[in-house]
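What follows is a single structure, written as structure tokens, with notes after it.
Letters go in sequence order (proteins before strands), and every chain restarts at 1.
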Amino acid sequence: MSLTDGNAIFKSLNKAQYRAVSSEAPTVAILAGPGSGKTHTLTSRVVWLIDHVGIQPQDVIVATFTNKASNEMKARIGNALGDGREKGIIIGTFHSIARRYLVKYGQRIGLDPKFGIADDSDSRGVITRICKRLDTHLEPPVARAWISKRKAKGTSDELAIKDKKGQSVESRALEQCFQEYQSQLERSNLLDYDDLLVRCVELLRKFPQCVSNIQTVLIDEYQDTNGVQYDLMRLFARKQRRITIVGDPDQSIYGWRSAEIKNLHRLLRDYPGTDEISLEENYRSSSCILDTSLKVIQQDQERYKKVLLPVRDKGTRPVLRKLKNSNDEADWIVSEIKRIRMLSGNMIDFDDFAILLRSAALSRQVESTLGREGIAYRMVGGFKFYERTEIKILLDYMRIIHQPDNNDALARIINVPKRGIGDMTIKALLEEAEKSSMSLWQLVEKHCRGQRRAKTNIRQQTENALSGSLMKPLNSLRERLRSDAGVGTPMNLVELLQKLIRDLKFEDYLEATYGAEYESRWANVQEFVTLAEEFMRQSRVDDEALPTIDGFAQATDDDLLARFLSNVSLASDKQTEDKGQEGKPLVTISTIHAAKGLEWPVVFIPAVYNGSIPHIRADDQDEERRLLYVAMTRAKALLYLSCPQNIATGKTTELSSFIDLLPSSAFLPKGPSFDRPVMSSVAKILGRELPPDNIIYKVSRMRQATAHGRENDRNFSTPLRACRSRKSQ
DNA sequence: CGCCACATAATTTTT
DNA sequence: TTATGTGGCG
């Protein structure tokens, strides 16, 4: 078959990519650096396997690391196949695929099909409670990390032996905490993120029939898989042992979540004859940017060495700028954004810029400066919509409607809005419920109905409130949701949510608790309703359906409320691509982690000092270096690093040692002049047309003329989260 | 026991 | 600048 045959998608492949896409080997490992077209190659291989090898879409599993990546891949595959067949492919994050299998077949391993997903704050809450109760000196975050590691390890043989004996007092306490935690979750019928994977492994070990149809498995961002995910991959592919992975060990930045670079060696060991293919051309970055980035990553002596050759022009050297403090740094970044935009004659617009941060908390200064200058932006990663308190309250209510035995959710909202029941009583009730092996809901309900007096003292007034404003409305909502019993059509998701908000008098509650500031909270609530509407409209049940296995009974995943709730827990954030209010281009602010796999023409990396990168609390220096490498290699044409010399509380900083080691000639001390030659090389790298000089000149003159009265061309279409009142001195 | 007001400490990365 | 803890009042 020649390169030009068949589908158009194959024309866009280079030689190595084509070889990877069309490899006949059962197992293919594609290892390649940033910007070498890994994802493109993987999607093309999916298309190849379906169109040329003849594998049925529903017999293909594609596991990605984030929802964003899986949505994008789905779209790209859909484009290439062109007839909607991509809908059959089992594609998603490991967690979402695992959830689907567990909903369908989980009953076989004793799982209640109505299981909920314990998100971060759920498990943090449970563990904090346990630590307090056990009265050990365990730090909850430490315990949590330990438990998660324990689960994520999978059956990595070497590790299993080494960790056999935990002898110290501390490890016994951890062990106990672990057990308590698991039984707490079980009580509330919850699985945490790790459990989704662990239980799915259990399911597939015991019932391999579930995946008996699977012909081939493809994994994106393989370097970020952990032990359980490796097990899962093997189980998915058990029948045909046909696996394709793409990854880059240099971009492994999830070690803290138990990702194991070793998985690469395990793959080569467990699947001898794997076709190893490397993609060595970088199509993304200017060769200057690539050079400097490689100088950073090459400081790692242990790394798996790979070739990465620039395809693009030389471009200009990255800029390394030292500023007095973070305010100056933010000011400088924003002025540089404006300057580039202007001097490129708007060839480079706001959506071409990204500001990549080691930690979300660093966004403050930049956000307020952008806000002050009227530049619209979007923040990716960091604080999440679903984690806002007002949204979480509503979510907890919905979770209880779906599943009354969720003790934690109930305990959180039993006094929100205030019903005259305090922490002491809640704690006592929880304990009583546990002792009598009931759920909190059952206990309270029985009490209110007079069927069983609770030992804990509940005042009459409180009891009335509990009965009238909690049990009754929720019971009635639950009833109206049922499709079988009851009169008329069952309530849909949005109606449910709206009725709930009304029943709770939620607007009044918000006003009472937040006073004049309540409006933005209420706006969030309304946005939440909109999201639910969208979810209802978009999600058809068969979108995520697993193929039917003959003669093997399965449950259906048709409970909209359940799907909405797990969607919320498994989505890093709301998926709405906010394009600014009127489609205006937005500057992107993102954590480095959330930027993985993406690229921008211009990238700023602020706060490049020791303590930030490498982060003060990080224990793996190499991983921190890789993080910086990932950030730098997101840039196509222009890369800016900066370092404030003083940070809060008057402390001075020192430049990140990853950068300090480089010769100073690697960087420009300040932004380049952007004369015609520089700009046209930028244009060439980006494959764009640079406006003629006279236009650029005209634009920039106009800007200067209106420089002090620029209210006119400012737009204040800042995204919702920027509206939080924030003093911008 | 519940609630409010006030002071205080904390602040990596994500499914 | 936001979650936690403490103290006093009803």
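Partners of A/K151 according to the side chain to side chain donor-acceptor pair (under 3.5 Å) rule, which considers only residues two or more places apart in sequence or in another chain, are A/Q182, A/D192, A/D195. Annotation: side chain to side chain donor-acceptor pair (under 3.5 Å) contacts of A/E624 (sequence neighbours excluded): A/R358.
In this structure, of B/dT15, B/dC1, B/dT13, it is B/dT13 that holds the atom nearest to the side chain of A/R358. For A/M424, taking side-chain heavy atoms from C-beta onward, the closest of the listed nucleotides B/dC3, B/dC1, B/dT13 is B/dC1. Closest to the A/A594 side chain, of the nucleotides B/dT15, B/dT14, B/dC1, is B/dT14. When distances are taken from the side chain of A/K418 to each of B/dG2, B/dC4, B/dT12, the shortest belongs to B/dC4. Here the nucleotide nearest the side chain of A/R364, chosen from B/dT15, B/dT12, C/dT1, is C/dT1. Out of B/dT14, B/dT12, B/dG2, the shortest distance to the side chain of A/R459 is found at B/dG2.
Within the 4.0 Å cut-off from OP1 or OP2 of B/dT14, not a single side-chain nitrogen or oxygen of A/R257 is found. Here A/N415 reaches the OP1 or OP2 of B/dC3: one of its side-chain N or O atoms lies under 4.0 Å away. Checking the phosphate oxygens (OP1, OP2) of B/dT14, a side-chain nitrogen or oxygen of A/T591 falls inside 4.0 Å.
At the heavy-atom level, A/F94 lies nowhere under 4.0 Å from the strands shown.
For the pair A/E463 CD and B/dC1 C1', the computed distance is 17 Å after rounding to whole Å. With rounding to whole Å, A/D423 atom CG is found 14 Å from C/dA3 atom C1'. Between A/I253 atom CD1 and B/dT15 atom P the separation is 11 Å, expressed in whole Å. When rounded to the nearest whole Å, the span between CG of A/L362 and P of B/dA10 equals 19 Å. Separating the CD atom of A/E387 from the P atom of B/dT11 is a distance of 15 Å, rounded to the nearest angstrom. As rounded to whole Å, 19 Å separates atom P of B/dT13 from atom CD of A/E221. If you measure from atom CD of A/Q460 to atom P of B/dC1, you get 18 Å, rounded to the nearest angstrom. The distance from atom CD of A/Q461 to atom P of C/dG10 is 17 Å, rounded to the nearest whole Å.
Summary of the strand contacts: A/G422 and A/R617 both lie near DNA chain B, and taking for each the nucleotide with the nearest heavy atom, the more 5' one is attributed to A/G422. Nearer to the 5' terminus of DNA chain B, by closest-nucleotide assignment, is the contact made by A/T425 (compared with the other of A/T425 and A/T66).
A distance cut-off of 5.5 Å between ring centres, combined with a plane angle under 30°, places A/W256 in a stacking arrangement with the base of B/dT13. Ring-to-base geometry does not place A/H593 in a stacked arrangement with B/dT13 (centre distance under 5.5 Å, plane angle under 30° required).
Between A/D396 and A/R412, at least one side-chain N (NZ, or NE/NH1/NH2) sits under 4.0 Å from a carboxylate O, which counts as a salt bridge. Between A/E390 and A/R521, at least one side-chain N (NZ, or NE/NH1/NH2) sits under 4.0 Å from a carboxylate O, which counts as a salt bridge. With respect to A/D231 and A/R234, no salt bridge is recorded, no charged nitrogen being found less than 4.0 Å from a carboxylate O.
Around atom CG of A/D508, more than 12 heavy atoms belonging to other residues, nucleotides or ligands sit under 6.0 Å away.
Atom NZ in A/K114 sits 4.5 Å away from atom NE2 in A/H402 (nearest 0.5 Å).
Paired regions of DNA chain C, where each region holds three or more successive Watson-Crick or G-U pairs whose two hydrogen-bonding distances fall under 3.5 Å, are B:1-9 with C:2-10.
Between A/F236 and A/F94, the angle of the ring planes stays under 30°, which puts this pair in the parallel group of the 30/60° scheme.
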